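Below: one structure, written as structure tokens.
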Amino acid sequence: MSAPVALIDCNNYYVSCERAFDASLCGVPVIVLSNNDGCAIARSAEAKALGIRMGEPVHLIRDKIQKHGIRVMSSNYALYGDIQRRVVAAIEPFARDFEIYSIDETFVDFAGFEHLDLVAHSRAMREQVKQWTTIPTCVGIAPTKTLAKLANAAAKKNPIFDGVADLRSEEIRRWVLDQFEVGDVWGIGRATTEKLAALEIKTAGQLRDMALKHSRGVGGVVLERVVAELRGVPSSVIETIEPQRKGMAVTWSFGSPITDIDMLMGAVTQYAMRAGEKLRQHGLVAGRLTVFFHTNRHKQDRPQYSATRTLSLQPMTNDGLTLLAYARRGIESAWREGYGITKAGVMLEDLMEADRRPRTLFEEDNERRSRLMVAMDEVNGRFGKFAIVPASQGFKRQWKARSDAKSPNYTTRIAEVPAVKAR
DNA sequence: TCTGGGGTCCTAGGACCC
DNA sequence: TCTGGGGTCCTAGGACCC
């Protein structure tokens, strides 16, 4: 038997974060919206019970929101990111190694802890997170990461587990796998679900029993690995070192379509500058920049246009104004009159640590420019995102994201820290 | 179906080389 | 002009995830 792995996953994470600082949100239905206040991406148990689905567009459920008094929050990523740090700090003492898998999930390596009662150990870990952060969690324990994901889902779904499901026993595993559909398995999306359905494979248990060779033919190495993991044979490991990121993107949708190139340039200016800021925050430079924009694909009765331009950055850079110049060039070459653009973005690839970047022969000394960038970052950090912007960004910002109901930055801005009044 | 932004990994196919 | 096999690298697109 391979070493046990646990997945600790926060319940309704964004909603739980909002509740940590606003008690009026407790016990009532709450949803948190995506960027631009577009659709519901987190739901409290009460909201789920009212039938609100993951990703549901908010404009389709206005009636329901009114009728049931559902509380609606814009997303506040500064808050969720800061609380994540505290959650991880609470988990840390419970294992030697762990992998932060997403903003609300951490894989914990229990190798060397097998002599303990791991269920009790996991309960203590949950308790610690709850006490330090108020965030409720569930834990799944199993021999592989894929099974730990399912164990966690079982712990969330079935009260019998009381928040911690241990799938190390063959018997319980069999029982749980038969209860989940194939599409619930980590790594099985819509396309693969359909392929498998055609083969009469509908439950996680049936997928586990699929011949390995057959699975490879149907879904490549990815599916083969999933099947192996469902059998308890690890084909992935806990990644304890944060991998070097390969790309980053700043993209956005426009509420009303853009038909004017200057408006698009204004938006793209903002994205290019933001992309540069992200690069500098991570101490990286980029070797390639892609700009894209396209019309609304959901409205096929309107004229469609989609454009992408990829430019190679030489020398590699993280200078916002340079990125902007490339992005503008890309837009200019791709622009066509007569279309309503609803989405655009800037993507950076070929990332490398800034101090390891290759120098070019005739590279100018751009120390002044990098000092300018540092200064801009500082000013914008202190006085707000748009304190200093290139003139091409314009002043109207009609493409500005909607965020009508954002909670304060309780933990990351000194002016917004909640005050406790003595009586 | 309505619809969000930001990521990763895998595969197929073309260009190019020996 | 017709004829081979085998390898690498790059890119675009699909699939999936949170």
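Quick note on labels: first sequence line is chain A, next is B, and so on, each numbered from 1. Quantities reported herein were computed from a predicted structural model and do not represent experimental measurements.
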Among [options], which nucleotide has an atom closest to any side-chain atom of [X]?
| X | options | result |
| --- | --- | --- |
| I41(A) | dC18(C), dG4(B), dC2(B) | dG4(B) |
| A191(A) | dG4(B), dT11(B), dC16(C) | dC16(C) |
| T251(A) | dC18(C), dG6(B), dT8(B) | dG6(B) |
| S253(A) | dC18(C), dC2(B), dG4(B) | dG4(B) |
| W186(A) | dC2(B), dC18(C), dG5(B) | dC18(C) |
| T192(A) | dC16(C), dT8(B), dC18(C) | dC16(C) |
| S102(A) | dC2(B), dC10(B), dC18(C) | dC18(C) |
| R288(A) | dT11(C), dC16(C), dC2(B) | dT11(C) |
| R53(A) | dG5(B), dT1(B), dC17(C) | dT1(B) |
| E105(A) | dG5(B), dG6(B), dC18(C) | dC18(C) |

Under 4.0 Å between any heavy atoms, over every strand shown, what does [X] touch: base, sugar-phosphate, or nothing? Just pick one.
| X | result |
| --- | --- |
| V58(A) | nothing |
| G247(A) | sugar-phosphate |
| M248(A) | sugar-phosphate |
| L33(A) | nothing |
| K195(A) | nothing |

Taking atom C1' in both dC2(B) and dG14(C), compute the distance separating them and give it to the nearest angstrom.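 Rounded to whole Å, the distance is 23 Å.
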
Between [atom2] on [N] and [atom1] on [X], what's the gap in Å once rounded to a whole number?
| X | N | atom1 | atom2 | answer |
| --- | --- | --- | --- | --- |
| L351(A) | dG6(B) | CG | P | 14 Å |
| Q244(A) | dT8(B) | CD | C1' | 14 Å |
| Y80(A) | dG5(B) | OH | P | 16 Å |
| L7(A) | dC18(C) | CG | C1' | 12 Å |
| D184(A) | dC16(C) | CG | P | 14 Å |
| L311(A) | dT11(C) | CG | P | 13 Å |
| L223(A) | dC10(B) | CG | C1' | 13 Å |
| E349(A) | dA12(C) | CD | C1' | 11 Å |

Find the partner of dA12(C): check Watson-Crick (N1-N3 plus N6-O4 or O6-N4) and G-U wobble (N1-O2, O6-N3) distances, both under 3.5 Å, and reply none if neither fits.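 Pairing partner: dT11(B).
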
With a cut-off of less than 4.0 Å, is there a side-chain N or O of [X] near OP1 or OP2 of [N]?
| X | N | answer |
| --- | --- | --- |
| K343(A) | dG5(B) | yes |
| R245(A) | dG7(B) | yes |
| R225(A) | dC10(B) | yes |

Got a second to check how far S74(A)'s OG is from Y14(A)'s OH, nearest 0.5 Å?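 If we round to the nearest 0.5 Å, S74(A):OG and Y14(A):OH are 13.5 Å apart.
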
Parallel, tilted or perpendicular, judged at 30° and 60°: which one describes the rings of W186(A) and Y101(A)?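 Taking Y101(A) first and then W186(A), their aromatic rings stand perpendicular (interplane angle over 60°).
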
Could you tell me whether a side-chain N or O of T144(A) sits under 3.5 Å from a main-chain N or O of E229(A), the two making a donor and an acceptor?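 Such a contact is found between T144(A) side chain and E229(A) backbone.
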
Taking atom types as modelled, find out whether [X] and [Y] have a side-chain donor-acceptor pair closer than 3.5 angstrom.
| X | Y | result |
| --- | --- | --- |
| S102(A) | D104(A) | yes |
| T411(A) | D82(A) | yes |
| R309(A) | S333(A) | yes |

Under 4.0 Å between a Lys/Arg side-chain N and an Asp/Glu carboxylate O for E224(A) and K213(A)?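 No, E224(A) and K213(A) are not salt-bridged.
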
Taking the nucleotide of DNA chain B with the closest heavy atom to each, which residue, K278(A) or R216(A), is nearer the 5' end?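 Of the two residues, K278(A) wins.
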
Residue whose nearest DNA chain B nucleotide is more 5′ - V222(A) or A249(A):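 Final value for this comparison: A249(A).
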
